Amino acid sequence: MKNVILVLSVLTAISFAEVSGDIIEGYLDQMGEDLVYERVENEFMLLAETEDGSQIPYMYILADPEMEGCLLVALTPGIVPESGAERTAALETIAQLNWNNTWVKFAIDPESGDVSAMYTFSTEDGLGHESFTVMLNLLLGTVDENWDTLSAI
């Protein structure tokens with residue numbers, strides 16, 4: 001009986017473990033050697049290498065233990081114009097993308113007009129590697145599926 005209580009205590013502690021930058025870093029490292037990222041505390045920027053060898057950001061990740069949440073933000077090629085009919089059309093396109101996508105939401109930086117795709121989720125009950133990987137791939141896959149539409153904005 002003591003062993004059962006001990007095992008349950010350990011499992012409870014694991015399931016309510018705080019999701020920190022260290023956990024996210026471990027998950028990113030498990031995803032493979034090809035994954036390049038920069039870390040500042042609980043924030044991560046995933047980087048892709050271009051043909052000329054330079055690195056460009058394509059995803060931002062924030063693990064917030066205090067808020068018990070994690071934010072994934074994928075950068076897209078979309079830039080909403082400052083004004084005019086093109087802006088209206090771009091905003092309508094973003095609204096339609098948000099309507100069509102249940103999990104991923106598209107947002108616009110009001111200062112730059114850059115369009116990004118976001119997925120936010122609770123980590124109050126912990127976060128497993130498989131779940132994290134699925135969410136990251138869902139976000140990147142959604143951007144990839146809508147690349148042509150986003151490029152046309």
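These figures come from a predicted structure and were not determined experimentally.
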**Asked** Judged by atom type as modelled, is there a donor-acceptor pair below 3.5 Å linking the side chain of R39 to the main-chain atoms of E41?
**Response** yes

**Prompt:** Would a distance-only check, ignoring hydrogens and angles, find a side-chain to backbone donor-acceptor pair under 3.5 Å from S54 to T50?
**Reply:** no

**Request:** Can you measure from CD (E49) to CD (Q55) and round to the nearest 0.5 angstrom?
**Result:** 6.0 Å

**Prompt:** Does a side-chain heavy-atom distance below 4.5 Å link F132 with I23?
**Reply:** no

**Asked** Mind checking whether L138 and L35 sit in one hydrophobic cluster, side chains of I, L, V, M, F, W, Y counted as touching below 4.5 Å?
**Response** yes

**Request:** Could you tell me the separation between the CD atom of E111 and the CD atom of E82, rounded to the nearest 0.5 Å?
**Result:** 11.5 Å

**Request:** Sorted by first residue and then second, give each ring-ring contact (aromatic ring centres under 6.0 Å, His included) pair with at least one member in residues 59-113; sequence neighbours left out.
**Result:** none

**Prompt:** According to a 4.5 Å side-chain heavy-atom criterion applied to Ile, Leu, Val, Met, Phe, Trp and Tyr, with indirect links allowed, do M31 and Y119 form part of one hydrophobic cluster?
**Reply:** yes

**Asked** So how far is it from S131 OG to L136 CG, rounded to the nearest 0.5 Å?
**Response** 12.5 Å

**Asked** Should V134 and L139 be regarded as members of a common hydrophobic cluster, given that ILVMFWY residues are connected when their side-chain heavy atoms come within less than 4.5 Å of each other, either directly or indirectly?
**Response** no

**Asked** Would L75 end up clustered with I61 when hydrophobic side chains under 4.5 Å apart are linked, directly or stepwise?
**Response** no

**Complete:** Here the gap from T76 atom OG1 to L150 atom CG, rounded to the nearest 0.5 Å, amounts to 4.5 Å

**Complete:** Separation between CG (N42) and CG (D22), nearest 0.5 Å, reads 8.0 Å

**Prompt:** Taking side chain as C-beta onward, heavy atoms only, is I153 less than 4.5 Å from I79?
**Reply:** no

**Message:** For a 4.5 angstrom cut-off between non-hydrogen side-chain atoms, does M59 reach V73?
**Reply:** no

**Asked** Between M118 and L72, is any pair of side-chain heavy atoms under 4.5 Å apart?
**Response** no

**Request:** Answer yes or no: is there a donor N or O on one side and an acceptor on the other, between the side chain of T142 and the main chain of V104, under 3.5 Å?
**Result:** no

**Request:** Answer whether the closest heavy-atom distance between the side chains of L47 and I56 falls below 4.5 Å.
**Result:** no

**Request:** Taking the side chain as every heavy atom from C-beta outward, state whether L91 and V80 have any atom pair closer than 4.5 Å.
**Result:** yes

**Check: N98 main-chain N/O paired with K105 side-chain donor or acceptor under 3.5 Å** = yes

**Request:** Determine, step by step, whether F44 and E25 satisfy the side chain to side chain contact (heavy atoms under 4.5 Å, CB included) criterion, reporting the C-alpha distance in whole Å, the side-chain angles of both residues, the deciding distance to 0.1 Å, and the verdict.
**Result:** CA-CA 8 Å; F44 298 83; E25 181 174 46; 3.9 Å; yes

**Request:** Measure the shortest side-chain to side-chain distance between F121 and M135 over non-hydrogen atoms and say whether it is less than 4.5 angstrom.
**Result:** yes

**Message:** Donor-acceptor pair, distance only, cut-off 3.5 Å: does the side chain of D144 make one with the backbone of L140?
**Reply:** no

**Message:** Taking the side chain as everything from C-beta on, heavy atoms only, tell me whether I108 gets closer than 4.5 Å to D114.
**Reply:** no

**Request:** Output the distance between atom CG (D64) and atom CD (E68), rounded to the nearest 0.5 Å.
**Result:** 9.5 Å

**Fill in**
Tightest non-hydrogen contact, residues G21 and A63, listed as N-CB, 4.4 Å

**Message:** For R87 versus P81, what's the shortest heavy-atom pair and its separation?
**Reply:** NH1-O, 3.0 Å

